[in-house]
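Step one of this worksheet: look at the structure below.
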Amino acid sequence: MEKKKITQDISQLILSCPLGNKLPPKKRSSPQRGLKILREKAVKKKEGNPKKQLDGKAKGLWDAARTRKNLIENEKSIVKVAQYANEKFEGFFQNYAPVTVILSEANWRSKYETLDDSPFRKKFIDILEGNDTLHSGLKKDKNEEMSNILASLVKLDEKLFEEFLCKISNEEFQKVLELRKKLPVWSQKEDIVKAIKDNQVVVISGATGCGKTTQICQFLLDQAIESRSGSTFCALCTQPRRLAAISAAHRVAEERVEVCGDPRSSVGYQIRLERLNPRERGSILFCTTGILVQLLISDPLLEKYSHILLDEVHERDLLTDFILTVVRDLLPKRPKLRVILMSATINSNLLSEYFNNCPVLNIDGRSFPVETVYLEDILSKLDFRFRSTRNRSGADSHPNHLDIEYNQIMAPFVEEMEANHSYPFHVLKSLRKRESEESPEMLIMALLKHICAREADGAILIFFPGWEQIKRLNKLLLSDRTFSSRKFLIFTLHSMLPTFNQRQIFEKPPRGVRKLILSTNIAETSLTIDDIVYVIDCGKAKLPNFDPLKKLNTLNSEWIALANAHQRQGRAGRTKPGICYKLYSRGRESTFVPHALPEIKRTRLEELILRVKILKLGQVQAFLRKVPEPPDDLTVKISLELLHELGALDDAECLTPLGFHLAQLPTDPSTGKLILLGAIFGCLEPMLAIAATLSFKDPFVMPLNQEDNYRKRRKFLAEKLFSDHLLIAKVMHDFRAAQLDGHVAAKNYCHENFLSTSTMTMLSNMMEQFCRDLRERQFLSNSASISDPVANINSKNHPLILAVLCAGLLPNVAEVVIAGRSLPKRNLPKIPTSPVKVKTPEDGPVLIHPRSINYDTVFAKSTWLCYHGKVKSSNSIYLQDCSIVPPLAVLFFGDEKLFNKKDAKLSKRFGYKWDSSTMEATRSLRTCWDNYLCHRVSHPGATDWSSDSTDSALLRAIIHFTTATAVSLNEDTGLLSVAHEEANNSRRSMW
DNA sequence: GAGCACTGC
């Protein structure tokens with residue numbers, strides 16, 4: 001009822017005038033003449049593109065005719081807002097005017113004095129008031145408090161000691177202890193404990209299998225208990241991966257004959273959405289790096305802990321680097337804190353230098369020797385020759401720049417080999433060709449046959465850069481009788497491949513059966529298969545990077561670093577001696593860099609910057625220059641700019657109230673904004689589903705050789721949606737409904753629809769987490785669940801969801817430009833259907849990623865897309881996920897630059913035009929929105945949708961306004977209608 | 001016509 005009233009109300013605000021036929025003709029003569037010439041020419045030359053076959057003048061005239069035609073089309077409808085709409089918008093403006101004044105002041109500190117005395121204000125001011133006051137204040141109070149937290153409790157010390165004595169006499173404990181004592185790390189137990197006692201920071205480097213992860217924390221715990229100070233011991237051990245944290249915790253609990261999760265246990269773990277707490281004192285908590293960063297928000301000096309152990313520091317992932325920087329700064333404030341950095345053998349000097357030349361302890365690994373066989377040895381051993389894949393005759397035989405580059409690098413090595421007479425001629429000949437590094441499938445096939453015929457039993461692991469190569473080799477293997485399924489178990493590992501039925505990948509195969517595993521670098525660290533004896537390493541990996549000059553994420557196949565090559569090789573020697581076949585020469589390996597660039601130098605930094613801000617770590621540039629290997633200044637600048645544009649930071653680089661919320665949500669800022677907007681606009685569930693997916697991963701999986709079925713299914717699911725995001729919202733909704741019918745129903749739903757059950761479950765849980773966050777930040781009422789009817793009052797309104805998506809994802813918009821297709825055929829010769837052109841304002845032409853549901857959408861009209869991911873690979877820029885969105889939403893939520901061009905843009909692209917009073921009204925409404933959002937984020941509360949509330953009036957006006965375009969593109973009526981039911985039903989004709 | 005891998009009280 002109420003909705004209907006508003007609908008009518010707004011539809012009176014926005015009128016449309018189909019004027020097209022009444023427009024006076026302007027200088028029609030020359031385009032008409034151009035058409036005539038064109039038609040004659042086109043008749044003469046029936047084949048090919050008519051435009052291409054025209055000469056200078058005719059071509060110009062043809063273009064002129066087309067432009068004119070477009071203009072006439074464009075002027076068909078002019079969008080007008082009735083005068084009293086302005087007055088109505090004025091009303092909104094009045095309501096939120098005070099906030100505008102506040103926000104326009106330069107001084108943040110006084111700015112929020114005028115806000116009410118809400119709990120939000122207090123918290124927010126605390127953050128704004130910043131570094132010194134708060135921190136030093138904290139330090140004083142907390143030092144006293146610390147003596148409370150970690151003060152030794154004599155009784156507890158005794159109790160822990162007695163328990164420990166009891167444990168030592170336990171038979172099972174003794175049995176495991178004997179095994180533990182065989183680990184290499186035990187030989188240096190005393191040194192390690194002493195070094196940590198004497199130094200605030202110690203680097204311990206040891207190869208895989210030395211036992212550092214599970215043993216060192218126990219050395220420290222046992223030592224504390226034995227010296228009757230168990231109650232003051234509290235260790236936090238971080239792992240970069242969830243699985244590693246869980247398994248380390250379980251392993252340690254087992255060794256101590258305890259059960260992980262028992263409240264008396266000394267071991268626990270915490271990862272996102274999952275925690276098993278250990279006892280409060282005398283305990284070890286394994287967690288992921290992300291958890292530690294979140295802990296820092298509430299406990300900036302990590303006062304709950306006496307020891308921080310950071311594992312896998314050598315991987316140099318973003319969060320570990322961040323933690324290193326923060327921890328180094330808090331050392332002077334926590335003199336009693338002990339920090340232990342654990343890393344692989346390599347690169348420990350850099351770490352030691354970073355921590356004021358702290359001591360480094362080296363521990364030998366306990367893996368088995370792995371023999372290395374390089375490309376030249378393989379070629380010589382197998383007598384393998386590369387057949388040139390390129391045409392010998394014709395232009396192709398000339399070397400291109402890649403050949404020349406290859407030769408420059410390899411020639412000296414080949415010459416040296418030649419001089420030494422150490423390799424047969426055919427090997428040298430092969431190495432001179434670039435093919436020796438380009439397409440190794442046939443070589444791998446030959447090598448596999450060799451291993452299977454000549455070498456002992458054992459699983460074979462092959463490292464590939466990506467999907468394409470895995471797919472190709474898998475196909476070859478399946479079509480080759482040598483590798484029949486009776487004798488071989490073939491596994492493919494890729495994050496996008498389904499993992500069901502793959503438990504046997506970790507199990508010992510039946511007698512006489514050999515495991516073959518084709519993998520990306522997922523098997524380099526994340527997955528460990530113990531019985532690998534042979535590794536075949538093609539030496540390449542797809543590496544993401546960020547190009548600050550072009551502001552683009554890239555994904556390219558590159559040569560790996562020596563450290564990674566070493567890691568891959570090490571995968572062969574876990575249970576017995578192994579062999580690593582490297583599909584690159586010694587010469588090539590000598591060009592490898594020692595270490596890959598740390599992640600912090602390869603990504604955008606918006607999220608990290610918000611963390612710097614919420615943790616009050618000072619100016620961003622200054623902080624980021626303190627990290628072990630600082631990111632490019634330009635990258636920092638770009639990220640700051642985006643945060644500013646999102647409204648998360650002000651000119652002085654301080655958090656705004658919006659930024660304050662975004663910094664505390666466990667997502668990147670633009671996804672965080674989506675979550676807030678979903679709550680504000682009453683489309684909670686779909687927005688949470690979209691946000692969860694954008695911040696975790698796409699749940700769709702694609703089995704090899706089922707691409708067609710996969711695509712068909714996705715097309716079926718996404719019918720009429722034209723949006724990857726709405727597709728996600730739909731499948732998440734259906735999945736959650738299936739979950740209510742039980743585990744089996746949910747699993748079946750996933751199986752039928754090419755979805756990963758584990759990813760879907762995680763996403764569903766993440767939605768719960770976001771919902772809880774929103775409740776805690778008071779954007780939802782205390783009782784609101786994900787499916788709360790009030791919070792989902794607009795969840796069925798697809799155009800609105802898309803409009804909100806726009807508001808959250810901006811500035812990530814792209815324009816779909818259709819050249820010629822909308823021209824009436826009778827007036828012009830048939831123009832060949834040109835492929836859709838998609839452009840972004842900053843990159844120019846881009847492509848829609850083939851994985852997107854919109855990849856093969858036929859666009860009837862020019863329109864706008866919103867996207868979240870954009871990446872450059874294989875020389876094109878791809879929009880990874882995108883939604884066709886209501887154009888008015890883009891223009892309404894778009895930035896000021898876009899706004900100023902509104903008039904021109906609209907009339908040019910969308911076939912209708914603003915009149916000036918509408919422009920003004922739009923602008924006022926937009927100002928209202930900006931102010932309203934400022935107000936909402938600084939006065940958290942649930943949206944009041946009751947008919948007489950200001951919330952409701954403004955939001956409904958925005959909703960109707962931004963989604964009005966849904967029907968305005970209907971060429972038949974030329975009318976601009978705002979009825980949502982109609983909008984939903986006629987979506988097909990929208991685009 | 002293409003999809004390295006992780007993470008979050």
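Order of the sequence lines sets the chain letters (A, B, ...), proteins ahead of strands, with each chain counted from 1. Just so you know, these numbers come straight off a predicted model, no measurement behind them.
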Taking atom types as modelled, find out whether A/Arg571 and A/Thr528 have a side-chain donor-acceptor pair closer than 3.5 angstrom. yes
Any chance the side chains of A/His725 and A/Asp881 put a donor and an acceptor closer than 3.5 Å?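 Distance-only check passes for A/His725 and A/Asp881.
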Take the protein atom [atom1] of [X] and the nucleotide atom [atom2] of [N], then report the distance between them rounded to whole Å.
X: A/Arg241; N: B/dC4; atom1: CZ; atom2: P; value: 18 Å
X: A/Phe464; N: B/dA5; atom1: CZ; atom2: P; value: 14 Å
X: A/Glu524; N: B/dC6; atom1: CD; atom2: C1'; value: 13 Å
X: A/Leu236; N: B/dC9; atom1: CG; atom2: C1'; value: 12 Å
X: A/Asp321; N: B/dT7; atom1: CG; atom2: C1'; value: 14 Å
X: A/Met496; N: B/dA5; atom1: CE; atom2: C1'; value: 13 Å

Looking at [N], I'd like to know if its phosphate oxygens (OP1 or OP2) sit under 4.0 Å from a side-chain N or O belonging to [X].
X: A/Gln769; N: B/dC9; answer: yes
X: A/Thr288; N: B/dG8; answer: yes
X: A/Tyr878; N: B/dA2; answer: yes
X: A/Ser873; N: B/dA2; answer: no
X: A/Ser495; N: B/dA5; answer: yes
X: A/His494; N: B/dG3; answer: no
X: A/Lys542; N: B/dA5; answer: no

Tell me what [X] touches on the nucleic acid: a base, only sugar-phosphate, or nothing, going by heavy atoms under 4.0 Å.
X: A/Pro544; result: base
X: A/Met766; result: nothing
X: A/Ile297; result: base
X: A/Arg316; result: nothing
X: A/Arg272; result: base
X: A/Glu315; result: nothing
X: A/Arg711; result: base

Nearest to the side chain of A/Ile291, heavy atoms from C-beta on, is which of B/dT7, B/dC9, B/dC6?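 Closest of the options to the side chain of A/Ile291: B/dC9.
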Which residue, A/Val871 or A/Leu295, contacts DNA chain B at a nucleotide closer to its 5' end, judged by nearest heavy atom?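 Comparing both residues, the 5'-ward one is A/Val871.
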For A/Tyr584, the ring pair (Phe, Tyr, Trp, His ring centres under 6.0 Å) test, sequence neighbours excluded, returns A/Phe592
Verify the ring-centre separation between A/Tyr269 and A/His250: is it less than 6.0 angstrom? yes
Face-on cation placement of A/Arg714 at A/Phe754 ring, 6.0 Å and 45° thresholds: no
